[in-house]
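Here the structure is laid out as structure tokens; the discussion comes afterwards.
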Amino acid sequence: MNSKLTKDDLAQMNRPYFESLEKEMLVNVACNLRALSVELVERLEKNSENSNLPPSSDNPYKKGGEKKVESDTSTPINDCDAAVIEGSVEGSPLNLSSGIVDSDAPKQECVAEGDLVNPSDPSSAPTPKKRRPGRQPGAQGVWRAEPLVPEGTVRHYPQECAACSGVLFPDPEAKPHMGHHVLDLERTEKGSRIVCTLHHYVGIKCACGHETKAYPGEGQVFKSEFRKKDLKLSEYVLVGPMLATFISALSLRYRMSRVKIREFLYYWYGTQLSVGTIDRCIREAGLASLPVVDNLLAELQDAKVIGVDETPWYEKGVMKWLWVAISSCTVVYIIGSRKKEELLKLITSAFLGWLISDGYGAYRSHKNRQRCLAHLIRKAIALTGSLSEEAVRMGEWLLRELRGLITAMSEDGEDAKKKSRPILARMKKACYLGSESDIPNLKSLCREIVNDWDAVVAFVKNPELPCTNNDAERALRHAVISRRISYGTRSPEGSLAYASLLSVIETCRLRGIDPWNYISEMISRSRRGMSALPIPMPN
Ligand SMILES: [Zn+2]
């Protein structure tokens with residue numbers, strides 16, 4: 001801090017003080033205030049591109065340029081407005097280093113987009129088409145240097161005749177018509193190892209004379225415009241269900257990149273897999289979990305209490321939102337816009353229980369709702385640090401009542417009711433007083449509490465409700481850290497797969513079930529076109 005003005009100094013400066021000053025003194029005071037403003041504006045403009053601040057500290061709404069924010073979440077601005085806004089930021093009014101604030105600077109003219117190209121600015125030149133991730137067309141491929149050596153052979157026989165439906169019996173002498181290698185992870189008592197087996201598919205001749213052939217199982221096909229090939233769930237793949245699960249665990253739960261997973265498998269298991277194969281396994285696990293998530297969503301609607309929260313997410317650099325809904329035994333994540341429709345996918349009209357949420361508008365239409373008190377407490381704490389004495393006093397008052405209410409409600413039945421009643425009365429009084437104040441922060445917090453009073457104090461009448469949505473916030477932590485490492489997902493399908501697999505993993509963890517055994521079974525069944533088993537409920 002170069003400016004010598006402290007918070008205490010600012011608190012003493014008000015209109016009567018300025019009016020009492022002689023002109024020369026007033027100029028001195030104004031210069032000191034300007035020095036402070038310059039310093040603060042410069043600090044506000046700092047971001048990861050022009051200082052050593054980390055990218056995670058950047059404003060999520062401005063990341064990657066103004067047009068990157070998903071258009072339907074913000075009010076649309078036409079190109080004309082955008083040009084003017086841009087002009088006023090880069091033009092003279094905020095150019096503090098020149099030391100001149102030029103109010104007569106010509107207003108930026110509204111020009112057509114094509115005219116905005118500035119030859120001296122390389123960023124305005126037409127950008128070349130962005131390179132796709134993965135192997136580039138024409139690049140040399142990499143093949144396995146040494147052939148796989150299987151430890152054993154598994155023979156697959158047809159069970160009944162395709163023509164006459166007669167029962168067929170395995171024939172150990174029959175020749176296979178096709179085969180492939182499978183690498184799978186075997187979990188042993190003290191660890192795990194990767195085993196290679198050869199799978200043979202055999203044809204058997206029926207008494208009726210027809211020969212029926214066994215084939216690897218096949219499941220659903222997923223199409224995506226963001227992928228060159230369709231993804232077909234099938235047993236005819238190199239990576240077995242448990243190894244595919246292991247790879248998904250390393251990616252989602254342990255947040256390793258595809259490249260690091262390849263390195264990990266090579267050094268610790270001596271197994272060579274390509275990044276493409278690893279990526280396929282993670283997608284496959286995500287897509288196989290879609291039907292399971294449909295079940296979880298249905299189960300969620302029967303819950304008595306659901307905590308909800310949302311956090312920014314990026315899909316190919318475009319800002320989206322990751323939503324979570326958590327009950328006592330189910331967690332579901334979805335990635336989408338911040339609109340209410342997205343919430344309605346998680347919390348449908350069938351849900352009649354209590355919603356624990358922060359103050360975000362999309363939640364307000366739900367009837368039975370408890371506001372998170374931790375959010376209000378943080379806002380009250382902010383007030384206690386403000387410059388105005390009134391705001392500090394009222395902030396401390398609100399803080400005392402909010403904390404007091406939580407403490408009172410932690411006591412048993414009748415005691416809680418007796419102690420909370422006077423607190424509620426005092427809090428209401430404080431809020432009515434505060435809503436008439438001229439201090440914007442104080443006024444808005446008090447009005448927020450008054451306008452949403454029933455949701456703020458719902459837990460007083462219903463002591464079984466939690467008074468914070470900590471569960472939902474905690475459920476988002478893992479994904480927030482992943483977002484900071486990976487900058488989100490790259491396609492709608494990737495987002496769907498990520499959110500679905502995360503829902504399955506976290507629900508298993510919440511129900512005290514080994515997620516990896518469950519997911520391995522889920523992949524194995526989906527590769528044979530069988531529907532997934534529901535995640536067992538805890539006893
Ligand atoms: Zn037959």
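Numbering of ligands and ligand atoms starts at 1, following listing order.
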Could you tell me which residues satisfy ring pair (Phe, Tyr, Trp, His ring centres under 6.0 Å) with F351, sequence neighbours excluded, listed by chain and number?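 For F351 the ring pair (Phe, Tyr, Trp, His ring centres under 6.0 Å) partners, ignoring immediate neighbours, are H366.
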
Kindly list each side-chain donor-acceptor pair under 3.5 angstrom involving residues 168-177, sequence neighbours excluded, with atom names and distances?
residue: D171; atom: OD1; partner: E173; partner atom: N; Å: 3.0
residue: H177; atom: NE2; partner: A214; partner atom: O; Å: 2.8

Would you call F246 and I194 a side-chain contact if the rule is heavy atoms closer than 4.5 Å?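 Result no, sub-4.5 Å side-chain heavy-atom pair not found.
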
For the atom pair CE (M242) and CG (N517), what is the distance rounded to the nearest 0.5 Å?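 With rounding to 0.5 Å, CE (M242) is 4.5 Å from CG (N517).
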
Pair E235 + R527: basic N to acidic O under 4.0 Å: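 R527 and E235: not salt-bridged.
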
Just jot down the side chain to side chain contact (heavy atoms under 4.5 Å, CB included) partners of T489, sequence neighbours excluded, or say none.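 Once residues adjacent in sequence are excluded, the partners of T489 under the side chain to side chain contact (heavy atoms under 4.5 Å, CB included) criterion are W313, E315, S495, Y498.
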
Closer than 2.8 Å to the Zn ion (ligand 1), which protein N, O or S atoms?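 Protein N, O or S atoms closer than 2.8 Å to the Zn ion (ligand 1): C161 SG, C164 SG, C206 SG, C208 SG.
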
